[in-house]
2 protein chains.
Amino acid sequence: MTDQSDALGRGPTIYDVARAAGVAASTVSRAFSRPGRVRSETAERIRRVAAELGYHAHPIARAAPTGRTSMVALVISDITNPFSNQIIHGAHVAAVEAGYSLLLADAQESGLREREVLERVMPTVDGVVLATSRMPDAAIRTIAKQRPLIVLNRTIADVPCIVTDNPRGMRRAVEHLAALGHQRISYAAGPEASWADGIRWRSLRAAATELGLHVRRIGPGEPTISGGAVAATELLRHPTSAVIAYNDLVAIGLMQALTARGVAVPRDVSVVGFDNVYAAELVTPALTTVAAPLHAMGLTAVRNLLAVVRGAKPHALEPVMLPSRLVVRASTSHLRRNRTSPAWATRRVSGSSAKSSSLTVSGSR
Amino acid sequence: MTDQSDALGRGPTIYDVARAAGVAASTVSRAFSRPGRVRSETAERIRRVAAELGYHAHPIARAAPTGRTSMVALVISDITNPFSNQIIHGAHVAAVEAGYSLLLADAQESGLREREVLERVMPTVDGVVLATSRMPDAAIRTIAKQRPLIVLNRTIADVPCIVTDNPRGMRRAVEHLAALGHQRISYAAGPEASWADGIRWRSLRAAATELGLHVRRIGPGEPTISGGAVAATELLRHPTSAVIAYNDLVAIGLMQALTARGVAVPRDVSVVGFDNVYAAELVTPALTTVAAPLHAMGLTAVRNLLAVVRGAKPHALEPVMLPSRLVVRASTSHLRRNRTSPAWATRRVSGSSAKSSSLTVSGSR
DNA sequence: TTGAAAGCGCTAACAG
DNA sequence: CTGTTAGCGCTTTCAA
């Protein structure tokens, strides 16, 4: 290859600096290398010269021999979800603060897409964050063998994870509802492949059992507003006075659909969401929700990832647990007295509670 | 360098394939090269062998000699803004459909950050999309000289741009308000460095002049909910019966602050936003807004960018203009009869309209 | 069409 | 601490 068009752009190269400073190229390289950043006089001069010339080591040329690209990938199950915004933001902040760039990839709620996109992206990054992954555990473990990996919002043995305290958050929500006098709670589930959905449902059951409440599961459904609308229809068939939704979007969709059919929130039904998305406090009624520290999650995910990249042992056993808290707003209120079953539950006899078989949770991921 | 640890990961290389197929490395390379994808029998065999071995050309190794990375950068003024979501999504779709990856960078509403982040990112991408850039024209032109560039939501001579039809959208909004009987409109401005803010304000003035309405400018302010709250205070000092906000967030903040002070929307004030963000239809009252085709913008931005990357002439002169439309919802209503000035405007005499000097627009970017 | 060889810009042994 | 020398894995001339 005699004449290499203009391969990597036309900035000054390490050789230009070397010539201008009267040293060997490797010396220049060293003057910029990792630890200590050589303090000799020559090194100083080289750096001055480099600065004058406007020299910057080309990231790709650097990546070729080292394999390090100073990029991390953030793979997210659904960019569209407002949930993603803050995670992305947090991740970006952490990346930039460490001199890294962020490669963003959307899995479109599909484990397959996720695989594909990862295949494309993996060789070009130093590590990857899998946010709310829809892939099976095995696939994730495979990834972990190839690149430093952090999993967000899910736990997998031997893979460093970051999760929020779903059990505690759910517990708070249930206690809140119980304190308001609610006895029967429906859970509007999310996607089947969602780990969060699994643990939320299990936590709900656990909390309900302890507090002596009845629970019922609706779904699975899409983690969106329209998913919430679907859940509403189902709820109307087996009414309860309170609903906890897989996430805020579902909760909002639920409230809208309920309201549209003349069922008032919170008068007739109390609704609780998860995540504390931006819109949660904008809707009417403002949504009571279990807030996840979304921004912090993205932030610590990338920070921890970079720690691993730099050689830290992924103390894989204990997943990092970030706190979640209940934000009480207007979508929950006291159960109306003098009635066991909700006032609007006319189309269904309320005699016995939902058949207990509905308590069975099919898969738990 | 005798032993290069495991430089670019440990997949099979082109040499492995070459050996397995009994040909030279260059032949393998050719079997995968761009046009025609050589149809010889050898080439076929090579591809079979490669598939069996699970060979994939390493993107970085490929980038070294060619300079092409199959990545594009999307630089966004503020990831946090829900506005960004759909743009990012559209951009991602277009990138993936072309086999590209998306490097996401947040400028945090600062021209400086934008520069910095661009410096980091430029050498590693084949092109960049600047969404709602806060940099001065000159800086952008400099970028354009180094990499294929598309600018979103802004026009710059000799740089390919994509914008929405702000004038038309604003015109529709004003007509709508006029039809409802409003005579005086306030504009709650956005950031000074925003090109969109400039054109929106100018379009508003133009439309108002034609329709014989009075307009007044509040701001500049932050393009956020709290920015809207600030604008509300100012509005209360010089009340008008209608407000058009720089964007939906400002509009929402405005509505909230107004409501909090007992000024009802739309009864006392009609409010119009821009963008048609997700939350616009979630708030109460649902927001009347000038909808921008956010997703389409991100999509066509990246598509056009890739066309340029592939060698298409950037027909830079005519900016691509995407349509915008008025979405009428609940935040606008008829001016209440029998009063020239809004009912709640007690603290201010309404005799003469705002002093005309307030009509002056300082800078228009 | 094919193979040989040079080189993208940088890093990492290895002697001196 | 510095210079020398091999490459990272791929592409692209050039001659056969």
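Proteins come first, then strands; the chains are lettered A, B, ... in the order of their sequence lines, and each starts at number 1.
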Does OP1 or OP2 of [N] have a side-chain N or O of [X] closer than 4.0 Å?
X	N	value
B:Arg62	D:dT11	yes
A:Thr27	D:dG3	yes
B:Arg68	D:dT12	yes
A:Ser29	C:dT11	yes

Does B:Leu305 reach the side chain of B:Tyr100, with side-chain heavy atoms less than 4.5 Å apart? no
Quick one, B:Val163 and B:Val320 - any side-chain contact, counting heavy atoms below 4.5 Å? no
Atom [atom1] of [X] to atom [atom2] of [N]: distance rounded to whole Å?
X	N	atom1	atom2	value
A:His58	C:dC10	NE2	C1'	10 Å
B:Phe32	C:dT1	CZ	P	17 Å
B:Ile60	D:dT11	CD1	P	14 Å
B:Ile46	D:dT11	CD1	P	12 Å
B:Arg30	C:dG3	CZ	C1'	8 Å
B:Glu41	C:dT2	CD	P	10 Å
B:Leu8	C:dC10	CG	P	16 Å

Point-to-point distance, once rounded to the nearest 0.5 Å, from CD1 of A:Ile140 to SG of A:Cys161: 8.5 Å
B:Ser77-B:Glu114 side chain donor-acceptor pair, cut-off 3.5 Å: no
What I want to find out is whether A:Arg134 reaches A:Asp78 closely enough, with some N-O distance under 4.0 Å, to be called a salt bridge. no
Do any N or O atoms from the side chain of A:Ser101 and from the backbone of B:Val121 form a donor-acceptor pair under 3.5 angstrom? no
Nearest listed nucleotide, side chain of [X], among [options]:
X	options	value
B:Pro65	C:dG3, C:dC10, C:dG7	C:dG7
B:Ala61	C:dA13, D:dC8, D:dC10	D:dC10
B:Thr66	D:dT12, D:dC10, C:dT2	D:dT12

If you look at every strand shown and take non-hydrogen atoms under 4.0 Å, does B:Thr13 touch a base, only sugar-phosphate, or nothing? sugar-phosphate
Heavy-atom contacts under 4.0 Å between residues 15-24 of chain B and DNA chain C, which residues? B:Val23, B:Ala24
Net bend of the helix from C:dT1-D:dA16 to C:dG16-D:dC1, end axes of five pairs each, nearest 10 degrees: 30°
Sequence neighbours excluded, the answer for salt bridge (Lys or Arg N to Asp or Glu O under 4.0 Å) partners of A:Arg19 is A:Asp16
With sequence neighbours left out, what residues match B:Gln108 under side chain to side chain contact (heavy atoms under 4.5 Å, CB included)? B:Asp106, B:Arg113
Any donor-acceptor pair under 3.5 Å joining the side chain of B:Ser26 to the base of C:dG3? yes
Any pair with a residue in residues 300-311 of chain A that passes salt bridge (Lys or Arg N to Asp or Glu O under 4.0 Å), sequence neighbours left out, goes on the list, sorted by first then second residue, please. A:Glu97-A:Arg303
Enumerate the salt bridge (Lys or Arg N to Asp or Glu O under 4.0 Å) contacts for residues 115-132 of chain B, please, sequence neighbours excluded, ordered by first and then second residue. none
